[in-house]
Structure formats: C-alpha cells, structure tokens
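Report on one structure; see the data block that follows.
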Amino acid sequence: MSNIAMFNPSNVPAFAKNAELSATTLALAGGVNTSAGMKRVSIKGGVFRLLSGGKEIASIEDRHLDVIVVKAAPKVSRIFYAGSYDKDAAAAAPDCTSADGEKPDAGVKNRQSASCTTCPQNIAGSGNGQSRACRYQQRLAVVLANNPSGDVLQVTLPATSIFGKEDGEKRPLQAYARYMAAQTPPVNLDAIVTRMKFDTKAESPKLIFAPVRWLTNDEYVTAVEQSKSTDAEKAVAITPAAADGVSTPAPLAIEGKRPMGEMMEEDEDAAIAAERAKAAKPKKAKAVEVEAEEEPEVRKAAAKVESVPVKKNKLADIVADWDDE
C-alpha cells in the first residue's frame, strides 16, 4: 500500500481523526509549529491567493470569492510592526499583538504599553503621515462555498475592509453584518454564502461584502461542524504570521526597515486617508441616512452608542437579488 493510499482521509481510523500532535511527535519533529501548515487566503496585491505554511499554492483571477463564514474572532484585534515596510525582507512575526484590542497578548516580548488605549503606537502620527503604527485586523474562518467540507481557511482583513459606511451596495464587513442582521427575520452570516469582492476604486486591496444565497440544509450542517473544528479555532485566534509558521520578529536593519505584515503596507495609509477625506466631504441630505461604524478614533473616549437606523428590506426582496450577479 502506498503512503498516499494509507493516509487517505477515508482510511483514517476513528481514534486518529481530528487528533492533535502528541508530545512525542513534537519532540522528534524539533518542536515544529503546529500552526505552520494552516491554510489562509491573502489579498495582497489585489488578488485572492491561497497560502499554506506561508507559501502561495494557488491564486485566482476572479475579482470575487464566494465563501461561508463559519467563525469570527469575537473582537477586532491589533497588530504592530516596528520599522517601515520593506517588501524585499523575509517574513517576520509582529512585534506586538492584541487579540481583544485592549491589552497586549500574553507572551508578547516587545509590548509597547500595558494598555492599547494608552499605547504610544496608537497615537496619530506614530505611523506614516497621520496614521497609527498599530493597526486593526479582523480574523475570520471561512470555507469555500463550492466545497463546504474542505479546508477551513483564515482570512485577515485590514481596517479599510472592516470599518466605514456603505456606498450603495458596497459594504465593508461591519456594515454588511449589520445590514443582514437588520433584516426581518435577521439573517445570520453562517447561514448564507457571502461574496467577498475587491473594491476596484480603493487605493489598496479592500474587500466589500454581499449576500449570494441561502445555504442548503446539508451545507448548513457542514458549516456548523466546521465552525467547531480546531482549524476554525486557530483561524480566529492566531496571527497570519503564526499561521505561516513565523514566530520571531526580525531585527531592525541599519536603515530602520523590517518586513511588515501584508496588511501593513504603506499604501494602506493612503487608503485610510482617502476614505477619511471622502467621508469629510459634505453630502446632500437623503431621505434615509444609514450610519455605519468608522475606524475607532485615535486615543479618544468612545462616544455613546446610539441606535442605528437601518433601512430594512423584505427578506424575499433580498433573496431575489442574490442571484442577480
């Protein structure tokens, strides 16, 4: 029997399914990073790329990707890289991270502050121009709509794909989630196929989101099972660097450069600045004004959250529109 046939998933005994690496295996493998083989979707360069262990194994030319969101990190995380972006440098882990956006994660050796609120990297101007050096990210666990039982993939979104107001049918992640939740009855994202699409008018890779269709009963059962998997838990808990098997920050070069995460490239600063400038322009009053959350203000107390008026459409109308594309 060949190794391929022996270890085919259909031949795996019950006791070995969903097994974690044992201490024995880890010791003999030299303490290998168990997250290193995790697959994720990158949007670097405005292209959907499938990475495994940090290496690109496939890419698609389409400007959209249909997925099922099976799990999401409960809070928007933060990530900080010291130095400026250097596209030619080797990959490195971030210097500081925060899964909850409030305090550095346990084990961070180069923490910049005891609290994200008072952190000097969370001040306007600490990054390029008036941006912050510490950035926001949202981690998702998704499966491809055409293969719900396949690999669970990590998707990590930059601030420009998370926050902001909807523009017609163009909705960043939080505006999209609120829009679907406001329908009657509410629509859960793990019950539908979601289309992630590049905003071609954005300065840097930015995704917008739209519903495609309901899941079938079988697809929904599979999506629920996938949401409980170890891979789904890892996808929303670890950084892209950890998913790629990179665990050590690189030392600063003489000119003060080191590799930064793919979402931390300098052109994201231009994108954020453009979004804010666009939002600052006066607009004509509309009959119904739909508000959406902006990227949190720099080092300011959070304003009182008011109820958000959302235009509710009949669910039947939404479903009818899902297959128009």
Side-chain angles (χ1 to χ4, degrees), residues 35 38-46 48-49 51 54 67 69-82 85 91-108 110-113 116-117 119 121-122 126-128 131-142 152-164 172-177 189 196 198-199 202-209 232-244 246-247 249 259-272 275 293-298:
S35 298
M38 186 172 186
K39 295 182 175 67
R40 66 185 183 91
V41 176
S42 163
I43 61 172
K44 186 175 182 180
F48 288 110
R49 308 172 191 273
L51 277 65
V67 300
V69 179
V70 297
K71 200 175 190 66
K75 293 187 177 182
V76 178
S77 61
R78 291 177 183 252
I79 187 167
F80 166 73
Y81 282 85
Y85 178 67
D95 291 88
C96 189
T97 59
S98 172
D100 61 9
E102 298 175 2
K103 61 184 181 303
D105 296 330
V108 171
N110 193 22
R111 62 174 59 196
Q112 304 295 297
S113 174
C116 295
T117 303
C119 181
Q121 309 302 342
N122 187 38
S126 58
N128 295 308
S131 70
R132 283 172 285 193
C134 187
R135 307 297 180 88
Y136 288 97
Q137 290 187 335
Q138 175 70 60
R139 301 169 191 157
L140 305 177
V142 307
V152 175
L153 308 172
Q154 181 191 65
V155 175
T156 307
L157 301 173
T160 50
S161 297
I162 306 169
F163 308 108
L173 182 64
Q174 290 190 353
Y176 168 61
L189 299 191
M196 305 190 303
F198 284 105
D199 184 350
E203 296 289 336
S204 67
K206 172 186 175 181
L207 294 181
I208 51 178
F209 302 82
E233 292 289 345
K234 288 181 180 179
V236 301
I238 65 176
T239 65
D244 292 345
V246 180
S247 59
M260 298 171 71
E262 64 189 45
M263 301 301 178
M264 320 309 291
E265 297 183 32
E266 293 181 11
D267 58 358
E268 187 186 344
D269 294 318
I272 293 174
E275 289 289 327
E293 184 174 341
E294 299 290 348
E295 182 180 356
E297 291 292 335
V298 181

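None of the values given here were measured: they were computed from a predicted structure.
Here the side chain of Asp100 pairs a donor or acceptor atom with the backbone of Glu102 at under 3.5 angstrom. Distance alone, capped at 3.5 Å, places no donor-acceptor pair between the Arg139 side chain and the Ser77 backbone. Looking at Ser126, its side chain never comes within 3.5 Å of a backbone N or O of Arg132 through a donor-acceptor pair.
With rounding to the nearest 0.5 angstrom, the CZ atom of Arg111 is 9.5 Å from the SG atom of Cys116. The distance from atom OH of Tyr176 to atom CG of Leu207, rounded to the nearest 0.5 Å, is 12.5 Å. In this structure, the separation between CZ on Arg135 and CD1 on Ile162 is 12.0 Å, given to the nearest 0.5 Å. Atom-to-atom distance recorded for Ile208:CD1 and Met196:CE is 12.0 Å, nearest 0.5 angstrom. Within the model, atoms NZ of Lys206 and CG of Asp199 stand 5.0 Å from one another, a figure rounded to the nearest 0.5 Å. To the nearest 0.5 angstrom, Lys39 atom NZ is 11.0 Å from Leu51 atom CG.
Contact between Val41 and Val155 at its shortest, heavy atoms only, is CB-CG2, 3.9 Å. In terms of heavy atoms, Ala82 sits closest to Asp95 at N-OD1, 2.9 Å. Heavy atoms only, all atoms of each residue included: Gly164 and Ala175 are closest at O-CB, 4.0 Å.
Contacts of Asp105 classified as side-chain hydrogen bond (donor to acceptor under 3.5 Å, both in side chains), with partners at least two apart in sequence or in another chain: Thr97. Considering only residues two or more places apart in sequence or on other chains, Gln112 meets the side-chain hydrogen bond (donor to acceptor under 3.5 Å, both in side chains) condition with Gln121. Considering only residues two or more places apart in sequence or on other chains, Ala237 meets the side chain to side chain contact (heavy atoms under 4.5 Å, CB included) condition with none of them. With sequence neighbours left out, Val236 forms a side chain to side chain contact (heavy atoms under 4.5 Å, CB included) with Lys71, Ala73, Ala141. When the side-chain hydrogen bond (donor to acceptor under 3.5 Å, both in side chains) test is applied to Ser161, no partner is found at least two apart in sequence or on another chain.
Residues Leu140 and Leu173 are in side-chain contact: their nearest non-hydrogen atoms beyond the backbone lie under 4.5 Å apart. Counting heavy atoms from C-beta on, the side chains of Ile43 and Pro158 come closer than 4.5 Å. At least one side-chain heavy atom of Pro94 sits less than 4.5 Å from a side-chain heavy atom of Tyr81. In this structure, Ile238 and Gln154 have side chains that are in contact, with non-hydrogen atoms separated by less than 4.5 Å. Within the 4.5 Å cutoff, the side chain of Pro205 has heavy atoms near those of the Phe198 side chain. A heavy-atom distance below 4.5 Å is not found between the side chains of Arg78 and Cys119.
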Problem set entry | Working for side chain to side chain contact (heavy atoms under 4.5 Å, CB included), residues Arg40 and Asp244 | CA-CA 9 Å; Arg40 66 185 183 91; Asp244 292 345; 2.7 Å; yes

Problem set entry | Test side chain to side chain contact (heavy atoms under 4.5 Å, CB included) applied to Leu157 and Phe209, step by step | CA-CA 12 Å; Leu157 301 173; Phe209 302 82; 3.6 Å; yes

